[in-house]
Number of protein chains: 2
Amino acid sequence: MKRNTWQREAVRGALDANDGFVSAQALHSALHATGSPIGLATVYRALADLAVKGDADSLQSPEGESLYRACSTNLHHHHLICRNCGLTVEIEADAVERWAKDVAAQNGFTQAAHVVDVFGLCAACTAKAAASA
Amino acid sequence: MKRNTWQREAVRGALDANDGFVSAQALHSALHATGSPIGLATVYRALADLAVKGDADSLQSPEGESLYRACSTNLHHHHLICRNCGLTVEIEADAVERWAKDVAAQNGFTQAAHVVDVFGLCAACTAKAAASA
DNA sequence: GGGTTACTTGAGAAGTGTTCTCGATCACGT
DNA sequence: ACGTGATCGAGAACACTTCTCAAGTAACCC
């Protein structure tokens with residue numbers, strides 16, 4: 001049996017309200033800030049569930065934190081992420097998909113999964129950085 | 001000033017002796033197994049140094065551990081990694097490099113870095129898995 | 001070689017992010 | 001409304017990594 005609890009809804013809502021990738025801890029803080037007494041463990045559980053169900057994407061930041069995001073599609077895709085403000089653009093990468101599959105096959109590898117993410121500075125943050133430099 | 005200590009040599013040697021990516025902890029255990037009384041903190045420090053100097057590549061496993069490997073080239077390249085035995089193949093990916101740069105530029109992103117790694121089962125492990133299934 | 005200096009080491013403490021434990025709680029089917 | 005078992009939450013437990021600091025020692029100078 002699978003229950004619907006306000007906690008799960010709250011996590012999903014907080015995720016939807018966020019444009020970029022957020023860490024579990026950030027999400028927990030955000031929820032607390034709105035007065036929700038949800039527990040940290042529950043946030044982790046809810047995020048893991050969402051990720052498994054395909055309702056959320058997860059990736060590891062370069063710093064090793066797990067970040068989550070509610071993506072607009074369940075289809076396989078990748079991300080272009082601003083390392084300053086977290087702005088995220090979903091990108092398709094048929095070429096990369098093919099390349100990953102080919103290179104795996106050429107080396108006798110099976111069950112190939114791939115990690116492909118691009119981190120950079122978005123236009124706004126680039127401008128800001130230039131102005132302050 | 002930068003000193004040469006047997007500890008640093010030991011870490012570099014252990015890394016060279018290993019074909020695939022290894023975790024700092026695994027390297028520490030391996031060194032201890034050979035009788036070396038090197039400390040864990042020192043292994044971490046040595047690995048970080050090697051990574052900075054470009055003598056080792058580092059990446060994060062899907063489980064969140066930091067893995068290190070002595071690569072045959074200092075040039076930018078990517079990896080095809082067996083998630084079972086750790087066997088690693090260095091792969092070039094000019095097409096992916098271009099794609100990453102293009103997609104970043106198209107979205108106004110600058111200072112684009114990318115994470116591109118392919119995890120799979122190597123031929124040997126695929127055969128083993130099939131045999132045991 | 002002996003002395004000096006300051007980089008390096010190592011054991012353990014501390015820090016960080018995540019998962020687990022377990023009694024209390026509460027959603028859901030009846 | 002009731003019973004059941006999934007879910008919650010606080011804190012403990014964990015795993016990995018980094019920090020602290022006294023002791024050790026490589027490199028330089030003479």
Side-chain angles (χ1 to χ4, degrees), chain A residues 1-15 18 20-53 55-69 81 83 86 115 117, chain B residues 1-15 18 20-53 55-69 81 83 86 115 117:
Chain A
M1 187 184 357
K2 203 74 169 173
R3 291 199 204 161
N4 293 328
T5 61
W6 64 264
Q7 286 97 335
R8 238 179 266 267
E9 298 299 324
V11 170
R12 181 189 293 262
L15 211 54
N18 228 301
F21 276 89
V22 282
S23 68
Q25 316 241 1
L27 217 49
H28 178 236
S29 299
L31 285 164
H32 262 211
T34 68
S36 172
I38 191 171
L40 179 57
T42 305
V43 174
Y44 274 102
R45 274 188 291 243
L47 286 173
D49 282 355
L50 288 171
V52 165
K53 279 201 306 177
D55 288 346
D57 272 24
S58 70
L59 62 80
Q60 294 201 3
S61 76
E63 289 77 37
E65 247 182 322
S66 288
L67 304 181
Y68 297 85
R69 178 168 190 265
I81 303 148
R83 71 166 69 88
V115 180
D117 288 297
Chain B
M1 187 184 355
K2 202 74 170 173
R3 291 199 204 164
N4 294 328
T5 61
W6 64 265
Q7 287 95 335
R8 238 179 265 268
E9 298 300 324
V11 169
R12 180 190 293 263
L15 211 55
N18 228 301
F21 276 89
V22 282
S23 69
Q25 317 243 359
L27 217 50
H28 178 235
S29 300
L31 285 164
H32 262 211
T34 69
S36 173
I38 191 171
L40 179 56
T42 305
V43 174
Y44 274 102
R45 275 189 290 242
L47 287 173
D49 282 355
L50 289 171
V52 166
K53 279 202 306 178
D55 288 346
D57 272 24
S58 70
L59 63 81
Q60 295 202 2
S61 75
E63 289 77 36
E65 245 182 323
S66 287
L67 305 180
Y68 297 85
R69 178 167 190 265
I81 303 150
R83 70 167 70 90
V115 180
D117 288 297

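Proteins get letters first, then strands, A, B, ... in listed order; numbering begins at 1 in each. Not measured: the values here are computed from a predicted model.
At a threshold of 4.5 Å between non-hydrogen side-chain atoms, the residues B:I38 and B:H28 count as touching. Using a 4.5 Å heavy-atom cutoff, the side chains of A:R45 and A:Q7 are not in contact. Using a 4.5 Å cut-off on side-chain heavy atoms (C-beta onward), B:L47 and B:D49 make no contact.
Closest heavy-atom contact between A:F21 and A:L59: CZ-CD2, 3.4 Å. When every heavy atom of B:V11 is checked against every heavy atom of B:V43, the shortest pair comes out as CG2-CA, 4.2 Å.
Considering only side-chain N and O atoms, A:Q7 lies nowhere under 4.0 angstrom from the phosphate OP1 or OP2 of C:dC26. Residue B:R45 places none of its side-chain N or O atoms closer than 4.0 Å to OP1 or OP2 of D:dT18. An OP1 or OP2 oxygen of C:dT18 is reached within less than 4.0 angstrom by a side-chain nitrogen or oxygen of A:Q25. OP1 or OP2 of D:dG9 lies within a sub-4.0 Å distance of a side-chain N or O belonging to A:T42.
Position along DNA chain C of the nearest nucleotide to B:K2 versus B:H32 favours B:K2 as the more 5'-ward residue. Of the two residues near DNA chain D, B:S23 and A:G39, the one whose nearest nucleotide lies more 5' is A:G39.
Nucleotide C:dT9 holds its C1' atom 14 Å from the CG atom of B:L31, rounded to whole Å. Rounded to whole angstrom, the span from the CG atom of A:L40 across to the P atom of D:dG11 amounts to 12 Å. In this structure, B:N4 places its CG atom 10 Å from P of C:dT9, rounding to the nearest Å. One atom, CD of B:E65, and another, C1' of C:dT18, lie 14 Å apart when rounded to the nearest Å. Between the NE2 atom of A:H28 and the C1' atom of C:dT19 there is a distance of 15 Å, rounded to whole Å. Note: CD (A:E9) to P (D:dC8) measures 11 Å, nearest angstrom. Residue B:Y44 contributes atom OH, which lies 17 Å from atom P of C:dG12 at whole-angstrom precision. The distance between atom CG of B:L50 and atom P of C:dT8, rounded to the nearest whole Å, is 13 Å.
The base of D:dT25 sits with one of its N or O atoms less than 3.5 Å from a complementary donor or acceptor on the side chain of B:R3.
Here A:S66 lies in heavy-atom contact (under 4.0 Å) with sugar-phosphate atoms only.
Taking only side-chain atoms of A:R8, from C-beta outward, the nucleotide of C:dT8, D:dT17, D:dC8 with the closest atom is D:dC8.
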